[in-house]
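Here is the structure we will look at.
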Amino acid sequence: MKFAIQSRNDKLSNELMAQAKKYLTEFGLTFDEEEPEIVLSIGGDGTLLHAFHKYIHRLEDTSFVGIHTGHLGFYADWKPSEIEKLVIAIARKEFEVADYPLLEVTINYQHYQKSTKYLALNESTVKSPEVTFVMDVELNGEHFERFRGDGLCISTPSGSTAYNKALGGAIIHPAIPALQLTEMASINNRVFRTVGSPLVLPKHHSLMLVPVNGPDFMLTIDHLQLLHKDVKSIEYRVAEEKVRFARFRPFPFWKRVSDSFVASEVKDE
Ligand code: NAP
């Protein structure tokens with residue numbers, strides 16, 4: 001099996017990277033940064049986002065596994081002390097694959113025929129660089145509301161524990177293929193109205209944002225920030241593609257939620 005390693009680049013993550021590379025090579029696996037079948041991400045959830053975007057062109061052939069060198073992560077759920085156990089499990093190829101839904105983002109332009117497509121693992125946010133952000137929100141081709149405020153966040157189920165949670169969105173189990181729309185400081189008064197609650201859309205539903213004030217927007221795709229000019233509309237849907245995580249043991253999602261947000265991790269370590 002061919003493997004690659006993505007490190008957060010701090011001292012501990014780099015030491016673990018060297019150790020994992022040595023062990024896996026001794027077990028007969030091949031280090032291959034171009035076409036890995038398994039990618040070890042050593043750092044945090046942020047490191048796994050970087051690994052995901054590095055190998056986004058081969059999602060069908062690559063599985064990811066994360067080791068956390070800081071706090072427990074949602075994508076990085078192995079402890080540094082478990083590295084030997086993990087390496088042995090990888091070498092024995094004893095893993096199941098858990099696939100999680102992704103978000104497809106399509107940007108259409110006013111004066112340019114071609115659209116741009118992205119895939120997000122956590123979320124995409126959209127804000128105006130200067131003026132108040134004003135967008136018409138359409139659901140399945142029907143006008144839903146005119147949003148005025150700081151911006152909007154559209155997240156995946158596995159991204160629901162990230163920025164979406166800070167915006168008051170619900171935590172969604174990644175077995176549910178859905179996307180969630182959350183507001184960033186909407187203007188609500190006697191003149192302007194928005195629904196005010198996060199919306200959860202199932203697969204095959206589509207969400208479109210049509211600029212009223214624009215046409216330049218600051219768009220994020222996970223950790224990536226991009227300024228898009230001349231925007232005509234932005235479409236969001238649950239992607240056909242999925243991300244694969246290598247699972248070597250059960251670690252139920254709700255247990256991760258509890259360990260990350262409710263229970264003290266110090267007690268568990
Ligand atoms: P970052 O500052 O390193 O990441 C922000 C925090 O989000 C880190 O603590 C990271 O965990 C955590 N995180 C990432 N994905 C997560 C997930 N699926 N569930 C729970 N926590 C998660 O920034 P970055 O490396 O550029 O990462 C970009 C991400 O930051 C975005 O995708 C967005 O979700 C998040 N973000 C959050 C806020 C907010 O909560 N107000 C604001 C902006 C961006 P690790 O420490 O394990 O890496």
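Along the sequence shown, residues are numbered consecutively beginning with 1. As the structure is a prediction and not an experimental result, all values here were calculated from the model. When a ligand or atom number is given, it counts from 1 through the structure's own listing order.
Considering backbone and side-chain atoms together, Gly46 places an N or O closer than 3.5 Å to an N or O of ligand 1. The N/O atoms of Tyr163, backbone and side chain alike, include one that comes under 3.5 Å of an N/O atom in ligand 1. Ligand 1 has a nitrogen or oxygen under 3.5 angstrom from a nitrogen or oxygen of Asn122. Polar contact with ligand 1: present for Thr161 (N/O pair, distance under 3.5 Å).
Stacking of Lys114 on the aromatic ring of Tyr109 is not recorded, the 6.0 Å distance cut-off and the 45° axial limit not both being met.
At a heavy-atom cutoff of 4.0 Å, ligand 1 is contacted by the backbone of Ser158 but not by its side chain. Under 4.0 angstrom from ligand 1, the non-hydrogen atoms of Glu123 all belong to its side chain. No part of Leu167 comes within 4.0 Å of ligand 1, judged by heavy-atom distances. Of the heavy atoms in Ala162, both backbone and side-chain atoms come closer than 4.0 Å to ligand 1. With a 4.0 Å heavy-atom cut-off, ligand 1 is reached by the backbone of Asp45 and by its side chain too. Under 4.0 Å from ligand 1, the heavy atoms of His71 that appear belong solely to its side chain.
With rounding to the nearest 0.5 Å, the separation of CE in Met208 from CD in Glu235 is 5.0 Å. Here the straight-line distance linking atom CZ of Phe261 with atom CD1 of Ile171 works out to 5.5 Å at 0.5 Å rounding. Summarising the geometry, atom CD belonging to Gln180 is positioned 6.5 Å from atom OG belonging to Ser160; distances are rounded to the nearest 0.5 Å.
The presence of a protein heavy atom under 4.0 Å from atom 19 (N) of ligand 1 is confirmed. In this structure, atom 1 (P) of ligand 1 has no protein heavy-atom contact shorter than 4.0 Å. For atom 8 (C) of ligand 1, the nearest protein heavy atom lies 4.0 Å away or farther. There is a protein heavy atom closer than 4.0 angstrom to atom 45 (P) of ligand 1. Checking atom 5 (C) of ligand 1 against the protein gives no heavy-atom contact under 4.0 Å. For atom 31 (C) of ligand 1, the nearest protein heavy atom lies closer than 4.0 Å.
Between Trp78 and Phe248, the angle of the ring planes goes over 60°, which puts this pair in the perpendicular group of the 30/60° scheme. Ring geometry for Phe74 against Phe253 counts as tilted: the plane angle lies between 30° and 60°, on a 0 to 90° scale.
Using a 4.5 Å cut-off on side-chain heavy atoms (C-beta onward), Val212 and Met135 make no contact.
For atom 29 (C) of ligand 1, the closest heavy atom belonging to the protein is Leu49 CD1, 4.0 Å. Among all protein heavy atoms, the one lying closest to atom 40 (O) of ligand 1 is Ala166 CB, 3.4 Å. For atom 24 (P) of ligand 1, the nearest protein heavy atom (residue, atom name, distance) is His223 CB, 4.0 Å.
We find that Asp136 and Arg146 are joined by a salt bridge, their nearest charged nitrogen and carboxylate oxygen being less than 4.0 Å apart. Using a cutoff of 4.0 Å between basic side-chain nitrogens and carboxylate oxygens, Lys54 and Glu33 are scored as salt-bridged. In summary, Lys117 and Glu104 engage in a salt bridge, as defined by a charged side-chain N under 4.0 Å from a carboxylate O.
Interface atoms of ligand 1 facing Gly44, defined by a heavy-atom separation under 4.0 Å, are 47 (O), 48 (O). For ligand 1, the atoms lying closer than 4.0 Å to a non-hydrogen atom of Tyr75 are 18 (N).
Glu183 and Thr194 share a side-chain donor-acceptor pair at under 3.5 Å.
Counting heavy-atom neighbours within 6.0 Å of Lys203 NZ, excluding the residue itself, gives a total above 12.
Between Tyr100 and Tyr75, a ring centre-to-centre spacing not shorter than 6.0 Å is recorded.
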